[in-house]
**Q** 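This structure is in structure tokens; I'll ask about it shortly.
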Amino acid sequence: MGITKREVADQLGVAKQTVVNYIDKLGLAPEHVTRIGKTDILDNFAVSALADALGKNIPARAPQEEKKKEVVADAQDSVIAALNGRIADLKEQNARLVAEIADMRSAHERELSDLRNQLASANDRAARLADRVAGIAERQQAIAALPWWRRGVFATKLLGSGQD
């Protein structure tokens, strides 16, 4: 497969018009230049003749398949690098979230412990109040068992005067 006039000019370090002029001077156009669409393709003979006429060396070209493989390999490498970067970011984010969850768990454990302590304290107070209520109920029953004329004096002794 040949190369275009632009590629030859780039490789030789000259303008495209210089390549066109030398193709005309050397008479390469009908036999060694093929037109595909709007692009002229030069065969290897035409490229060599132009290089000799211009007194320059054309660097060896890699076959198109090798270039395609290099492009594909570069694309694959860039995709792999991007994916590795994303994986590293996700690992960092995961570590951050794990630490945040651990902090939240410890805070919840402390809060739960405080609430359990408050519940135990409230249960103790409720038990003490229940004991007092039971004592008061027993005294009221004792008062109720007395005849009505003795209840006032006895109630004052058992329950107190009410001035605390």
**Q** Looking at every non-hydrogen atom in both residues, tell me the closest pair between Leu28 and Ala49 and how far apart they are.
**A**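 Closest approach of Leu28 to Ala49, heavy atoms only: CD1-CB, 4.1 Å.
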**Q** Would you say the side chain of Val8 lies within less than 4.5 Å of the side chain of Lys5, judging by non-hydrogen atoms?
**A**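 No, side chains not in contact.
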**Q** In the structure I gave you, are the side-chain heavy atoms of Leu42 and Ile23 within less than 4.5 Å of one another anywhere?
**A**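 Yes; the side chains approach each other to less than 4.5 Å.
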**Q** Among residues at least two apart in sequence or on other chains, which ones pass salt bridge (Lys or Arg N to Asp or Glu O under 4.0 Å) with Arg110?
**A**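 If we apply the salt bridge (Lys or Arg N to Asp or Glu O under 4.0 Å) test to Arg110, skipping adjacent residues, there are no hits.
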**Q** Would a single hydrophobic cluster contain both Val20 and Leu12, if residues Ile, Leu, Val, Met, Phe, Trp and Tyr are joined by side-chain heavy-atom contacts under 4.5 Å?
**A** no
**Q** With side chains defined as the heavy atoms from C-beta onward, is the minimum distance between Thr34 and Asp43 less than 4.5 Å?
**A** no
**Q** Which pairs pass side-chain hydrogen bond (donor to acceptor under 3.5 Å, both in side chains) with one or both residues in residues 93-105, sequence neighbours excluded?
**A** none
**Q** In Å and rounded to the nearest 0.5 Å, what is the CG to CG distance from Leu119 to Asp114?
**A**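 One finds 12.5 Å between CG of Leu119 and CG of Asp114.
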**Q** Could you pull out all residues at least two apart from Ile87 that satisfy side-chain contact (heavy atoms from CB on, under 4.5 Å)?
**A** Asn84, Lys91
**Q** Grab the two heavy atoms, one from Ala53 and one from Leu26, that are nearest each other, plus how far apart they are.
**A** CB-CD1, 3.8 Å
**Q** Under a 3.5 Å cutoff, is there a donor and acceptor pairing between the side chains of Asn21 and Gln17?
**A**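 Gln17 and Asn21 do have a side-chain donor-acceptor pair below 3.5 Å.
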**Q** Return the set of residues passing side-chain contact (heavy atoms from CB on, under 4.5 Å) with Gln141 (not counting sequence neighbours), or none when no residue passes.
**A**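 side-chain contact (heavy atoms from CB on, under 4.5 Å) check on Gln141 returns nothing, list empty.
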**Q** Strictly distance-based, threshold 3.5 Å: is any side-chain N or O of Ser48 a donor or acceptor partner for the main-chain N or O of Asn44?
**A** yes
**Q** Check Ile3 against Gln11 and note the closest heavy-atom contact, atom names and distance.
**A**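 Minimum heavy-atom contact is CD1-OE1, 4.1 Å.
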**Q** If you round to the nearest 0.5 Å, how far is CZ of Arg116 from CD of Glu109?
**A**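 The CD atom of Glu109 sits 7.0 Å away from the CZ atom of Arg116.
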**Q** Transitive ILVMFWY cluster of Val133 at side-chain heavy atoms under 4.5 Å: who else is in it?
**A**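 Val133 clusters with nothing; isolated.
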**Q** Under the ring-ring contact (aromatic ring centres under 6.0 Å, His included) definition, can you give me all pairs with a residue in residues 16-42, not counting sequence neighbours?
**A**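 Of all non-adjacent pairs touching residues 16-42, those that pass ring-ring contact (aromatic ring centres under 6.0 Å, His included) are His32-Phe45.
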